[in-house]
Amino acid sequence: MSGLGVLGAVELPGEAASVVRARVFVRGVLGRAGVDEASDVLLLVSELVTNAVAHSESGEGGRVGLVVIGCPDRIVRVEVCDQGSEASKPRVRDDQGLLATGGRGLRLVEQIARGWDWEEDGSGRTVWFEVAV
């Protein structure tokens, strides 16, 4: 992977169609950095952008920010920024049965990423993950 630091950043509308736009953007950024296999990164981007649209005020006509960062040792860090929510905080759910239609996104992030977390301040919420590529 060539490049350290911010490889790309984009701001997208807080709508379901932005999930596909986010994947296309990240695939392009990583391709230009020499990353050929990015399926784990793309899956986790889909999960976090979906969560931002579905569970934050960004999904009510707001915006979702996405930053892709190249780190040492072939690590990619992705940060998804939304407008936050008083009613919903990121958490890994334990109550999902085999037939559940949702609630598995952060479980996937937890299992695939080498690290992840979130923070919230007055301007919104950022959820990040890191994956070896």
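Atom CG in D117 sits 10.5 Å away from atom CD in E130 (nearest 0.5 Å). Note that CH2 of W128 and CD of E119 are 9.5 Å apart. Values are rounded to the nearest 0.5 Å. The distance from the CG atom of L108 to the OG atom of S46 is 10.5 Å, given to the nearest 0.5 Å. Distance check, rounded to the nearest 0.5 Å: NE2 of H55 to CZ of R125 gives 9.5 Å. Considering CZ of R23 and OG of S18, their distance stands at 14.0 Å, rounded to 0.5 Å. Interatomic distance, R27 CZ to L42 CG, rounded to the nearest 0.5 Å: 5.5 Å.
In this structure, E11 and V64 have side chains that are not in contact, with every pair of non-hydrogen atoms separated by 4.5 Å or more. Between E79 and I69, some side-chain heavy-atom pair lies under the 4.5 Å cut-off. With a 4.5 Å cut-off on side-chain heavy atoms, E110 and W116 count as touching. At a threshold of 4.5 Å between non-hydrogen side-chain atoms, the residues V76 and V68 count as touching. The closest side-chain heavy-atom distance from N51 to V127 is not below 4.5 Å. Under the 4.5 Å side-chain criterion, counting only non-hydrogen atoms from C-beta, V78 is not in contact with L44. Using a 4.5 Å heavy-atom cutoff, the side chains of R114 and I75 are in contact.
Looking at S58 and E60, their side chains never bring a donor and an acceptor atom within 3.5 Å of each other.
The environment of CD in Q111 is crowded: more than 12 heavy-atom neighbours from other residues, nucleotides or ligands sit within 6.0 Å.
Cluster membership for V80 and L43, using ILVMFWY side-chain heavy atoms within less than 4.5 angstrom, is shared. Under a hydrophobic-cluster definition in which Ile, Leu, Val, Met, Phe, Trp and Tyr are linked whenever side-chain heavy atoms come within less than 4.5 Å, directly or via other members, F25 and L12 are assigned to the same cluster. Hydrophobic clustering places V133 together with V26 (ILVMFWY residues linked when any side-chain heavy atoms are closer than 4.5 Å, directly or through intermediates). Note on V49 and V67: separate hydrophobic clusters, where clusters join Ile, Leu, Val, Met, Phe, Trp and Tyr whose side-chain heavy atoms are under 4.5 Å apart, directly or indirectly.
In terms of modelled atom types and a separation under 3.5 Å, the side chain of S2 and the main chain of A33 share a donor-acceptor contact. With D121 contributing its side chain and G124 its backbone, the two residues share a donor-acceptor pair below 3.5 Å.
A16 approaches V53 most closely through the heavy-atom pair N-CG1, 3.9 Å. Across P72 and L4, no two heavy atoms sit closer than the pair N-CD2, 3.7 Å.
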_Show, in sequence, the C-alpha distance, side-chain angles and deciding distance for L66 and L48, and conclude whether the side chain to side chain contact (heavy atoms under 4.5 Å, CB included) test is met._
CA-CA 10 Å; L66 182 65; L48 292 189; over 6 Å; no
- Task: Go through the steps to decide whether R63 and E15 satisfy the test salt bridge (Lys or Arg N to Asp or Glu O under 4.0 Å), and finish with yes or no.
- Result: CA-CA 8 Å; R63 307 294 287 171; E15 59 192 27; over 6 Å; no
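If you run side-chain contact (heavy atoms from CB on, under 4.5 Å) between V41 and each of I112, V29, V131, only V131 comes through.
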